[in-house]
Colleague: 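First the structure, then my questions, so here it is.
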Amino acid sequence: MSREACCGCGALSVRVDADPVRISICHCQACQRRTGSVFGAQARFPAEAVTISGESRQFVRHGDSGQAIRLHFCPQCGSTVYYTLDVAPGFIAVPVGAFADPTFPTPRVAVYDEHRHPWVVLPDGCVIED
């Protein structure tokens, strides 16, 4: 399956030609701040299945795990379109919202549940990982 994700202005996009190997929800405070929402939702794909188009800027931060995360965002509109995680070499993560596709598959994993807002309900079948 092929899907396309892009930034708010369309200048930076990624095309994925594979199904995601993991779809997860992250409740860490860094993802809350990055998204401006109460959690981040992302899908991981094998790097060889991802084609990137357009210019990006990179911001490196260290997650709650201590591992580096390299966030790639559009220099025009600031939207994060993809990122890599030291903890998952060979994969590229794409924020699910960048696909703007309500039929995108449901997340199956949730992390940093201790930071989850009490009113957020996880999807059926979603497993909390430590």
Colleague: Would you check, one step at a time, whether the test side-chain contact (heavy atoms from CB on, under 4.5 Å) holds for Gln67 with Leu85?
Modeller: CA-CA 7 Å; Gln67 298 288 323; Leu85 302 100; over 6 Å; no
Colleague: Answer yes or no: does atom CZ of Arg61 have more than 12 heavy-atom neighbours from other residues, nucleotides or ligands under 6.0 Å?
Modeller: yes
Colleague: With side-chain hydrogen bond (donor to acceptor under 3.5 Å, both in side chains) as the test, would you mind laying out the steps for Arg15 and Ser2 before giving the verdict?
Modeller: CA-CA 7 Å; Arg15 180 177 155 191; Ser2 180; 3.1 Å; yes
Colleague: Hey, quick one: are Ile52 and Val81 part of the same hydrophobic cluster, counting side-chain heavy atoms closer than 4.5 Å, chains of contacts allowed?
Modeller: yes
Colleague: Could you state whether Val14 and Phe45 fall into the same hydrophobic cluster, counting links through intermediate Ile, Leu, Val, Met, Phe, Trp or Tyr residues with side-chain heavy atoms under 4.5 angstrom apart?
Modeller: yes
Colleague: Nearest 0.5 angstrom please: Tyr82 OH to Cys7 SG, how far?
Modeller: 11.5 Å
Colleague: Verify, without hydrogens or angle tests, whether Thr80 (side chain) and Phe73 (backbone) share a donor-acceptor contact under 3.5 angstrom.
Modeller: no
Colleague: Would Ile69 end up clustered with Val111 when hydrophobic side chains under 4.5 Å apart are linked, directly or stepwise?
Modeller: no
Colleague: What's the separation between atom CG in Asp113 and atom CZ in Phe39, rounded to the nearest 0.5 Å?
Modeller: 12.0 Å
Colleague: Can you name the closest pair of heavy atoms from Ala5 and Val94 and give their distance?
Modeller: CB-CG1, 3.7 Å
Colleague: Is there a side-chain contact between Cys6 and Phe99 (heavy atoms, below 4.5 Å)?
Modeller: no
Colleague: Taking all heavy atoms of Cys28 and all of His115, pick out the closest pair and write down the distance.
Modeller: CA-CD2, 4.2 Å
Colleague: If you compare all heavy atoms of Ile25 against all heavy atoms of Pro123, which two are closest, and at what distance to 0.1 Å?
Modeller: CD1-CD, 3.9 Å
Colleague: Assigning hydrophobic clusters by single linkage (Ile, Leu, Val, Met, Phe, Trp, Tyr; side-chain heavy-atom cutoff under 4.5 Å), is Leu71 placed with Ile92?
Modeller: no
Colleague: Between Tyr83 and His72, does the ring-ring contact (aromatic ring centres under 6.0 Å, His included) criterion hold? Intermediate values first, please.
Modeller: CA-CA 6 Å; Tyr83 53 96; His72 290 265; 9.2 Å; no
Colleague: Are any non-hydrogen side-chain atoms of Gln76 and Cys9 less than 4.5 angstrom apart?
Modeller: yes
Colleague: For His27 and Glu114: C-alpha separation, side-chain torsions, deciding distance, then whether side-chain hydrogen bond (donor to acceptor under 3.5 Å, both in side chains) applies.
Modeller: CA-CA 8 Å; His27 299 284; Glu114 65 272 19; over 6 Å; no
Colleague: For Cys77 versus Cys74, what's the shortest heavy-atom pair and its separation?
Modeller: N-SG, 3.5 Å
Colleague: Look at the aromatic rings of His117 and Trp119 and report parallel, tilted or perpendicular, splitting at 30° and 60°.
Modeller: perpendicular
Colleague: Side-chain contact, heavy-atom cut-off 4.5 Å: Ile128 with Leu122?
Modeller: yes
Colleague: Which atom pair, heavy atoms only, marks the closest approach of Pro46 to Val50?
Modeller: O-CG2, 3.6 Å
Colleague: For residues Arg70 and Phe59, determine if any side-chain heavy atom of one lies less than 4.5 Å from a side-chain heavy atom of the other.
Modeller: no
Colleague: Applying side-chain hydrogen bond (donor to acceptor under 3.5 Å, both in side chains), run through Ser37 and Gln32 and close with a yes or a no.
Modeller: CA-CA 5 Å; Ser37 184; Gln32 291 179 30; over 6 Å; no
Colleague: When rounded to the nearest 0.5 angstrom, what distance separates CD in Gln42 from OG1 in Thr35?
Modeller: 9.5 Å
Colleague: Counting N and O atoms only, with roles assigned by atom type, does the side chain of Glu48 sit under 3.5 Å from a partner on the main chain of Phe91, one being a donor and the other an acceptor?
Modeller: no
Colleague: Does the side chain of Asp101 reach to within under 4.5 Å of the side chain of Arg3, using non-hydrogen atoms?
Modeller: yes
Colleague: To check you understand the geometry: which heavy-atom pair defines the closest contact between Pro20 and Phe104, and what is its length?
Modeller: CG-CZ, 4.3 Å
Colleague: For Arg108 and Glu129, run salt bridge (Lys or Arg N to Asp or Glu O under 4.0 Å): C-alpha distance rounded to whole Å, both residues' side-chain angles, the deciding distance at 0.1 Å, then the answer.
Modeller: CA-CA 10 Å; Arg108 292 297 187 208; Glu129 271 186 10; over 6 Å; no
